[in-house]
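Let me begin by presenting the structure, written as structure tokens, before commenting on it.
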Number of protein chains: 2
Amino acid sequence: MDRMNRGITAKGLATRQRIVVAAALLAREKGAAETTLDDVRAATSTSKSQLFHYFPDGRADLLVAVAEHEADQVIEAQQPYLGDLATWESWQGWSRAVLAHYAELGERCPLSSLTSELGKSSPEARAVVGALFATWEAALLRGTMAMLPDRVAAVRQARSILAAVQGGVAMLQGTGRTEYLEAALAAAIAPLKTGAAA
Amino acid sequence: MDRMNRGITAKGLATRQRIVVAAALLAREKGAAETTLDDVRAATSTSKSQLFHYFPDGRADLLVAVAEHEADQVIEAQQPYLGDLATWESWQGWSRAVLAHYAELGERCPLSSLTSELGKSSPEARAVVGALFATWEAALLRGTMAMLPDRVAAVRQARSILAAVQGGVAMLQGTGRTEYLEAALAAAIAPLKTGAAA
DNA sequence: GCATGAGTGGACCATGAGGTCCAGCCGGGT
DNA sequence: ACCCGGCTGGACCTCATGGTCCACTCATGC
């Protein structure tokens, strides 16, 4: 196969990806803090040297990669609705998709453990989270602007919806019940139905 | 002084309390996961043996005590408003109090780090969080029932408001900006102003 | 074929952090 | 005065875990 740039072969990339995915899974199951390099090693049938080969800065490096991966997943799970929130129906569809996704995930939220584990220490992790929220908010904002005449109201509405999702998920994690996310989502997008500003 | 029950003297209790408060502070500053027993020991000018004297199960025990302490603080910070949410004015006051409190705390939220650190492992920690949410929701529910005629709507409204706070705080932690909490709070309590159900 | 470098295996090291233990202190109750 | 039991100090142990190192394989291009 073709020579990849930077001397990384396709096989190497595949291994790296395998590691990231497995680590992400572990991080979801038992929390990022409790996920050790040995766990990852065992789960992927790799060796320590490979871990450090693909993630030179070790654990921190790996966790950042995991965070990026999970951030992608978060956006992915909301598609195709998130990309086109121009009608009340699509908002409803989005809302259902979000609810279904997190109900399936249950109490293990990929982000929270990562943010609290990496948020403090590594600036790149914060950047990942920041980027995620930025694209997320931007997509929601496009949607609210399509539904509300007032731009300022649309901005506030988008923020409120994003916070509602976060809060619903937080409650889901804390209590194991989906009612909060359900109620929060419904209440947050309700103003979009009639077009009345928040 | 009087013989305390269980052979714990007042002096001992004071020391224990000192430890909990200091540990809570540390947990807020640098996260629960990054707070070591040695940190606590240094911050309180105590010795290892004291830590284990007052918290026989060690670190886990201490963190549960910290969680209880922080849970109390969370409720405390919302008083006196939370106890009497019978009017629109008191809801506004409560909302301001919540916003001010978390704006002051900034990005360090006592609960999130504790839940993600203890939530998985120790069942007692989950109980603490569960109890906190229960009393919190109950207080909010008393308030929404005072404002809304329909009981079912009041329940949903209370949940939505609670989720809004959680979400706003989550966003505050993630981004450092208070706009989300602000928008989420305003949107969440808006239906209470006119008495229209969510 | 052979040299080069990515990929892999696994032994090994360093250390931070939780937990144990015992010895000494202090106060107050009889 | 004395003694018991809580309180305190700190040395010490144990071990999990992140990280290092070197040897080996394997593919690929010359």
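In the text below, chain A, chain B and the rest are named by the order of the sequence lines, each starting its count at 1. Predicted, not measured: the structure shown is a model, and the values here were computed from it.
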How many whole angstroms separate atom NZ of B:K11 from atom C1' of D:dG5?
13 Å
Any ion pair linking A:R159 and B:E182 (charged N to carboxylate O, less than 4.0 Å)?
no
Can you measure B:H53 atom NE2 to C:dC21 atom C1' for me and round it to whole angstrom units?
15 Å
Indicate whether any N or O donor in one side chain lies under 3.5 Å from an N or O acceptor in the other, for B:S47 and B:Q50.
yes
A:F52 has an atom CZ; how far is it from atom P of C:dG7, in whole Å?
17 Å
Taken to the nearest whole Å, CG/A:L51 to P/D:dG19 is 10 Å
Write down the distance between NZ (B:K48) and P (C:dG16), rounded to a whole number of angstrom.
13 Å
Rounded to whole Å, how long is the line connecting atom NZ of B:K30 with atom P of C:dG16?
13 Å
Please confirm whether the shortest side-chain N or O distance from B:T9 to OP1 or OP2 of D:dC7 is below 4.0 Å.
yes
For the backbone of A:A188 and the side chain of A:Q157, can you confirm whether one donor and one acceptor N or O come within less than 3.5 Å of each other?
yes
Less than 4.0 angstrom between a side-chain N/O of A:Q50 and OP1 or OP2 of C:dT8, yes or no?
yes
Return no unless some side-chain N or O of A:Y54 is found under 4.0 Å from OP1 or OP2 of C:dT8.
yes
Whole angstrom value for the distance that separates P of C:dG10 from CG of A:D38:
13 Å
Hey, is the side chain of A:T15 poking within less than 4.0 Å of OP1 or OP2 on C:dT8, counting only N and O atoms?
yes
Please report the closest heavy-atom contact between B:L85 and B:W91, naming both atoms and the distance.
O-NE1, 3.0 Å
Write down the distance between CG (B:D61) and P (C:dG18), rounded to a whole number of angstrom.
14 Å
Counting any heavy atom closer than 4.0 Å, what does B:T36 reach on the DNA or RNA strands: base, sugar-phosphate only, or nothing?
sugar-phosphate
